[in-house]
Amino acid sequence: MKSIVIIGTQFGDEGKGKVTDYFAEHADIIVRFQGGNNAGHTIIIDDNKFKLHIIPSGILRKDKKVVIGNGLVVDPKVLLEEIERIEKRGITADNLILSDRANLIMPYHKAMDALEEKLKGHYSAGTTMKGIGPCYSDKVARFGIRVSDLYNPRILKEKLSMVIPIKNKIFNTFDEEIEFDIDEIYHEYLGYGDMLEKYVGDVSVILSQAFDEGRSVLFEGAQGTHLDIDHGMYPYTTSSNTVAGGASIGSGIGPMMIKEVMGVVKAYTSRVGEGPFPTELNDESGEYIREKGKEFGTTTGRPRRCGWLDMVIVKYAFRMNSLTSLAITKLDVLSGLDEIKVCTAYEHGDKIFEHLPADIETLKESKPVYITFDGWKEQNWEHISGEGYRSLPKNMRTYIEYIEKETGVPAMLISLGPKRSDTLIK
Ligand code: GDP
Ligand code: IMO
Ligand code: MG
């Protein structure tokens with residue numbers, strides 16, 4: 001494993017954190033390349049549960065370098081709190097590197113997130129309210145404040161003096177009683193700069209040296225393919241490129257450096273926030289999956305919408321990401337059901353769609369075309385994980401092999417529970 005990107009094939013929360021933690025054992029460096037603290041990655045090792053939002057999941061493996069790439073939007077306060085939280089639990093953040101080119105989430109981004117969500121009406125995506133969209137907007141509009149600005153007080157002051165009056169004017173226009181103070185934010189952020197300075201580095205140079213030395217690099221995706229700003233169900237997406245190509249842009253390496261792409265496929269589908277969800281179940285099957293799968297947001301605690309596996313969206317993810325392998329997660333959650341459905345196409349009027357339509361209204365109105373699989377019974381999954389692939393129930397193997405056949409990609413990792421130990425390599 002010289003360089004692998006792990007991405008979500010659905011709407012996020014596929015179990016990327018768990019899968020990253022599992023493979024991080026064999027990597028030297030683990031890199032996040034997009035998103036921010038909208039992500040929530042839960043990892044369970046024995047009886048210890050860790051929730052990470054901005055620090056790569058590799059932090060839980062000893063002696064690994066973990067990197068926050070230029071493609072992220074970083075809330076420095078949240079990052080410092082997360083460092084403190086893990087260090088209190090005996091995990092050192094000494095090997096953390098923060099890109100000097102990452103953009104910073106500012107207090108006005110969070111306020112703007114709330115205002116924009118309110119103004120958007122039914123176009124609101126139900127964001128995590130962490131300021132992600134407004135921070136990426138400012139990056140693209142070239143209003144952004146970057147990590148390196150924290151070490152050039154003159155530039156920081158100049159940029160804040162330019163941008164804050166503009167933001168205040170916008171808030172005032174919409175009768176928001178919000179007035180951000182240039183000096184206050186300037187001093188607050190210089191303080192964050194002091195505390196973060198020991199982590200800051202040039203990620204592109206560090207990764208290039210690592211490749212020259214033959215080190216293994218694992219790129220940990222956040223969100224999922226269908227939340228991608230270009231390829232997701234726009235505008236019900238996040239604001240970054242969540243697909244594998246984002247790893248190159250968001251860390252400063254050329255695309256030829258990526259050798260493998262693993263797509264994490266949850267055995268069913270979940271979505272948190274607004275937007276089309278053709279296989280959503282608003283009945284007791286959906287409730288069963290939500291309760292059994294503990295489908296409540298890691299970041300916001302919101303109940304996740306649940307539904308059957310949708311191969312239209314998984315196959316789209318195959319195409320977007322050049323997947324070379326799959327990790328299939330949460331198969332244990334489906335146990336106990338007599339029948340399990342899988343969507344193979346969408347029906348809209350007299351049309352059948354085998355590929356995802358771009359039009360958001362067509363997507364919202366599309367009805368899934370299902371095939372049905374026989375279910376499997378509850379088992380001691382931890383025990384079975386240790387026994388290997390052949391010991392899985394026959395119907396579960398049929399389900400896994402169907403996903404492999406439809407995508408044309410082999411499943412490498414099978415996840416049968418939230419713990420590191422509930423995992424098998426096929
Ligand atoms: P991520 O955002 O893709 O990293 O996924 P999250 O961590 O937000 O959500 C996945 C949830 O499912 C977490 O609570 C994990 O602990 C849990 N999980 C991961 N894999 C499995 C699995 O195979 N079975 C079960 N039951 N839970 C899992
Ligand atoms: P992980 O990495 C699931 C969703 C939000 C909202 C939309 C835009 O844990 O898989 P944003 O705050 O990014 O502007 O919100 O995207 N969303 C996620 N859904 N998992 C995530 O991350 C998500 N990050 C953002 O719910 O619908
Ligand atoms: Mg998550």
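Atoms within each ligand, like the ligands themselves, are counted from 1 in listed order. Along the sequence shown, residues are numbered consecutively beginning with 1. Predicted model, so just to flag it, every value in this text is computed and none were measured.
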Legend entry - Check: S248 side chain, G245 main-chain N or O, donor-acceptor pair, under 3.5 Å: no
Legend entry - Candidate with minimal heavy-atom separation from atom 13 (O) of ligand 2, of T238, T300, T242: T238
Inset, instruction - May I ask you to list the atoms of ligand 2 that are less than 4.0 angstrom from any heavy atom of F11? - result: 3 (C), 19 (N)
Legend entry - Donor-acceptor pair, side chain of D422 and main chain of L416, under 3.5 angstrom: no
Inset, instruction - May I ask whether G224 has any heavy atom positioned less than 4.0 angstrom from an atom of ligand 2? - result: no
Inset, instruction - List every atom of ligand 1 that sits less than 4.0 Å from any heavy atom of D13, numbering the atoms from 1 in the order shown and giving each element. - result: 1 (P), 2 (O), 3 (O), 5 (O), 8 (O), 9 (O), 10 (C)
Inset, instruction - Kindly say whether Q10 contributes a backbone atom to a donor-acceptor pair with the side chain of E14 at under 3.5 angstrom? - result: yes
Inset, instruction - With heavy atoms of A222 as the reference, note each atom of ligand 2 found under 4.0 Å away. - result: 2 (O)
Legend entry - Per-residue contact class, R304 against ligand 1 - non-hydrogen pairs under 4.0 Å: side chain
Legend entry - Those atoms of ligand 1 less than 4.0 Å from some heavy atom in H41: 1 (P), 2 (O), 4 (O), 7 (O)
Inset, instruction - Could you tell me whether some N/O pair between I132 and ligand 2 is separated by less than 3.5 angstrom? - result: no
Legend entry - Whether G417 lies under 4.0 Å from ligand 1, heavy atom: yes
Legend entry - Row check, F143 ring normal vs K167 NZ/CZ: under 6.0 Å, within 45°: yes
Inset, instruction - May I ask you to check if ligand 2 and D113 share an N or O to N or O distance below 3.5 Å? - result: no
Inset, instruction - Looking only at N, O or S atoms, find the one in D13 nearest to the Mg ion (ligand 3) and name it. - result: OD1
Legend entry - ligand 1 versus L416: contacting region, heavy-atom distance under 4.0 Å: backbone
Inset, instruction - Report the nearest protein non-hydrogen atom to atom 19 (C) of ligand 1: residue, atom name, distance rounded to 0.1 Å. - result: K18 CD, 4.0 Å
Legend entry - Closest protein heavy atom to atom 19 (N) of ligand 2, given as residue, atom name and distance to 0.1 Å: V272 CG1, 3.2 Å
Legend entry - Lys/Arg-Asp/Glu bridge criterion (N-O < 4.0 Å) met for K169, E179: no
Legend entry - ligand 2 contact on E14 by region, counting heavy-atom pairs under 4.0 Å: neither
Legend entry - Contact check: G15 vs ligand 1, nitrogen or oxygen atoms, below 3.5 angstrom: yes
Inset, instruction - Report the part of L227 (side chain from C-beta onward, or backbone N, CA, C, O) that has a heavy atom under 4.0 Å from ligand 2; answer both or neither where that applies. - result: side chain
Inset, instruction - Would you mind running through ligand 2 and noting each atom that sits below 4.0 Å from a heavy atom of G126? - result: 5 (C), 6 (C), 26 (O), 27 (O)
Legend entry - Within 45° cone and under 6.0 Å: R89 NZ/CZ vs F50 ring: yes
Legend entry - Identity and separation of the nearest protein heavy atom to atom 21 (C) of ligand 2: Q223 CG, 4.0 Å
Legend entry - Check: N70 side chain, S251 main-chain N or O, donor-acceptor pair, under 3.5 Å: yes
Inset, instruction - Heavy-atom distances under 4.0 Å are what count here, so tell me which part of T237 touches ligand 2: side chain, backbone, both or neither. - result: backbone
Inset, instruction - Answer side chain, backbone, both or neither: which part of K130 comes under 4.0 Å from ligand 2, heavy atoms only. - result: neither
Inset, instruction - Write down the atom of G307, the atom of I289, and the distance for their closest heavy-atom approach. - result: O-CD1, 4.5 Å
Inset, instruction - Please answer whether the main-chain N or O of I54 pairs with a side-chain N or O of E82 as donor and acceptor at a distance below 3.5 Å. - result: yes
Inset, instruction - Looking only at protein heavy atoms, identify the closest one to atom 3 (C) of ligand 2 and say how far it is in Å. - result: D13 OD2, 3.2 Å
Inset, instruction - Give the intermediate values and the outcome of ring pair (Phe, Tyr, Trp, His ring centres under 6.0 Å) for residues Y399 and Y402. - result: CA-CA 5 Å; Y399 192 71; Y402 164 79; 7.4 Å; no
Legend entry - Under 3.5 Å donor-acceptor, S124 side chain and K120 backbone: no
Legend entry - Nearest option to atom 27 (N) of ligand 1, as decided by whichever heavy atom of E220, E14, K330, K419 sits closest: K330
Legend entry - Which segment of D332 sits under 4.0 Å of ligand 1 when only heavy atoms are counted: side chain
Inset, instruction - State the atoms of ligand 2, each with its element, that fall below the 4.0 Å cut-off from a heavy-atom position in A39. - result: 1 (P), 2 (O), 9 (O), 22 (O)
Inset, instruction - State whether G40 contributes an N/O/S atom found under 2.8 Å from the Mg ion (ligand 3). - result: yes
Legend entry - Side chain T237, main chain M233, donor-acceptor under 3.5 Å: no
Inset, instruction - Drop me the distance from Y22's OH to S415's OG, to the nearest 0.5 angstrom. - result: 10.0 Å
Inset, instruction - Determine whether the side chain, the backbone, both or neither of R271 has a heavy atom under 4.0 Å from any heavy atom of ligand 2. - result: neither
Inset, instruction - Just need the protein heavy atom nearest to atom 4 (O) of ligand 1, so name the residue and atom and give the distance. - result: G17 N, 2.8 Å
Inset, instruction - Using the ring pair (Phe, Tyr, Trp, His ring centres under 6.0 Å) rule, take H226 and Y236 through it: C-alpha gap first, then chi angles, then the decisive distance, then the call. - result: CA-CA 9 Å; H226 295 271; Y236 302 100; over 10 Å; no
Legend entry - Trace of the salt bridge (charged side-chain N to carboxylate O under 4.0 Å, His left out) decision for K315 with E406: CA-CA 7 Å; K315 280 159 76 174; E406 284 298 301; 2.9 Å; yes
Inset, instruction - Would you mind running through ligand 2 and noting each atom that sits below 4.0 Å from a heavy atom of G12? - result: 10 (O), 20 (N)
Legend entry - Closest protein heavy atom (residue, atom, distance) for atom 16 (O) of ligand 1: P418 CB, 3.5 Å
Legend entry - Qualifying residue, where the test is side chain to side chain donor-acceptor pair (under 3.5 Å) with Y346 and the options are D310, T362, T279: D310
Inset, instruction - Starting from atom 12 (O) of ligand 2, find the nearest protein heavy-atom neighbour and note its residue, name and distance. - result: T128 OG1, 2.5 Å
Inset, instruction - Note the single closest protein heavy atom to atom 15 (C) of ligand 1, along with its residue, its atom name and the distance in Å. - result: T42 O, 3.9 Å
Legend entry - T127 neighbourhood, listing ligand 2 atoms whose heavy-atom distance to it stays under 4.0 Å: 6 (C), 11 (P), 12 (O), 14 (O), 15 (O)
Inset, instruction - May I ask you to check whether over 12 heavy atoms, not counting those of K294, lie within 6.0 Å of atom NZ? - result: no
Legend entry - Salt bridge flag under 4.0 Å for residues D13 and R304: yes
Inset, instruction - Enumerate the atoms of ligand 2 whose separation from the nearest heavy atom of A125 is less than 4.0 angstrom. - result: 6 (C), 27 (O)
Inset, instruction - Could you tell me whether the side chain of K51 and the main chain of H41 form a donor-acceptor pair under 3.5 Å? - result: no
Inset, instruction - Output the list of atoms in ligand 2 that are nearer than 4.0 Å to some heavy atom of K16, sorted by atom number. - result: 1 (P), 2 (O), 10 (O)
Legend entry - Point-to-point distance, once rounded to the nearest 0.5 Å, from CG of D138 to CG of N103: 8.5 Å
Legend entry - Numbered atoms of ligand 1 (with element) below 4.0 Å of S415, judged on heavy atoms: 20 (N), 21 (C), 22 (C), 23 (O)
Inset, instruction - Measure from atom 6 (P) of ligand 1 to every heavy atom in G40, A267, S57 and give the option owning the shortest one. - result: G40
Inset, instruction - Please say whether more than 12 non-hydrogen atoms of neighbouring residues, nucleotides or ligands are located less than 6.0 Å from OH in Y370. - result: yes
Inset, instruction - Give the numbers and elements of all ligand 1 atoms closer than 4.0 Å to a heavy atom of V333. - result: 26 (N)
